[in-house]
Protein chains: 2
Amino acid sequence: MSDFKRNYSSCPMYYTMSAVEGKWKWIILWKIYEAGIIRYNKLWGELNPIAHKTLSAQLKELEASSLIHREQYNEVPPRVEYSLTEEGRTLIPILELMYQWGQEHMK
Amino acid sequence: MSDFKRNYSSCPMYYTMSAVEGKWKWIILWKIYEAGIIRYNKLWGELNPIAHKTLSAQLKELEASSLIHREQYNEVPPRVEYSLTEEGRTLIPILELMYQWGQEHMK
DNA sequence: CTGGATCCTTGAGGATACTG
DNA sequence: CAGTATCCTCAAGGATCCAG
């Protein structure tokens, strides 16, 4: 846990930014939300050029925070699907607003 | 401009995350919004232990993005006040939701 | 009081190759 | 296909001192 998280655990704004921190998390959440359910490789393709290491690390953190769910099917070749958890879905209003804000300001 | 910004300028979500990127920007915006108008030193105190270099760099970027306004009074000692611009105020719904989300999940 | 200037650290993120 | 394993870079961020 970083100083950032430790020192400001009492401020809701810090809490939110800690839960979804890093360069990619909001975008990953958005892509998963958009797709509903999405496979690892598809996600990777949409975020390209993200490194596998980066993507899998962020996914793990999001999973550890209970914001996304990882479903693994023991097939050959393997299949893994990601989706938002109930908890993760509580972020949808924020995701929607962020997306809309970008739309309106990006011209 | 980073690869992040360059490669994804077509996706609204990337646009938003680029406009308010970095570890501190959302929190700085929140603190300014909370205060309405706030002096440099007050802001620095609320974010402590943030480095002066970091704070002033982030403030400059936010100013360059037209999200905050910097008003300088030529007094001795100097006084500088920051506030949200019209543009910056369009982020308030997002800030409010982020704050609320933190409140509800931080127990 | 509001930063700028310097120097420095560190860890997030990336490139590439490899594996069950 | 869905990731690890390695190694590496670089720039955000920090500590400290200085200045108008």
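Protein chains get the first letters and strands the later ones, always in sequence-line order, with residue 1 at the start of each. What you see below is based on every heavy atom in this structure, not just the backbone, and it leaves out hydrogens, waters and symmetry mates.
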In whole angstrom, what separates [X]'s [atom1] from [N]'s [atom2]?
X	N	atom1	atom2	result
A:Glu21	C:dG13	CD	C1'	13 Å
A:Lys42	D:dG3	NZ	C1'	19 Å
A:Tyr82	D:dC1	OH	P	15 Å
A:Ile38	D:dA2	CD1	P	10 Å
A:Trp44	C:dG13	CH2	P	18 Å
B:Ile50	D:dA12	CD1	P	14 Å
B:Leu43	C:dC1	CG	P	15 Å

Test your reading of the model: is there a side-chain donor-acceptor pair from [X] to the backbone of [Y], 3.5 Å cut-off?
X	Y	result
B:Lys25	B:Glu21	yes
A:Tyr82	A:Ile32	no
B:Thr16	A:Trp101	no

(request) State whether a side-chain donor-acceptor pair under 3.5 Å links A:Glu96 with A:Tyr33. (result) yes
Could you tell me the separation between the [atom1] atom of [X] and the [atom2] atom of [Y], rounded to the nearest 0.5 Å?
X	Y	atom1	atom2	answer
B:Lys31	B:Trp24	NZ	CH2	10.0 Å
A:Glu34	A:Ile27	CD	CD1	11.0 Å
B:Leu55	B:His52	CG	NE2	8.0 Å

Closest listed nucleotide, where the reference is the side chain of [X] and the choices are [options]:
X	options	answer
A:His52	C:dA17, C:dA15, C:dG3	C:dA17
B:Ala51	D:dG14, D:dC1, C:dG3	D:dG14
B:Lys23	C:dG14, C:dA17, D:dG14	D:dG14

(request) Taking only the side-chain nitrogens and oxygens of B:Arg39, find out if one of them lies under 4.0 Å from OP1 or OP2 of C:dC1. (result) no
(message) Near DNA chain C, counting only heavy atoms under 4.0 Å, which residues of residues 54-76 of chain B show up?
(response) B:Ser56, B:Lys60, B:Arg70
(message) Return whichever of B:Lys53 or A:Tyr40 has its heavy-atom-nearest nucleotide of DNA chain D closer to the 5' end.
(response) A:Tyr40
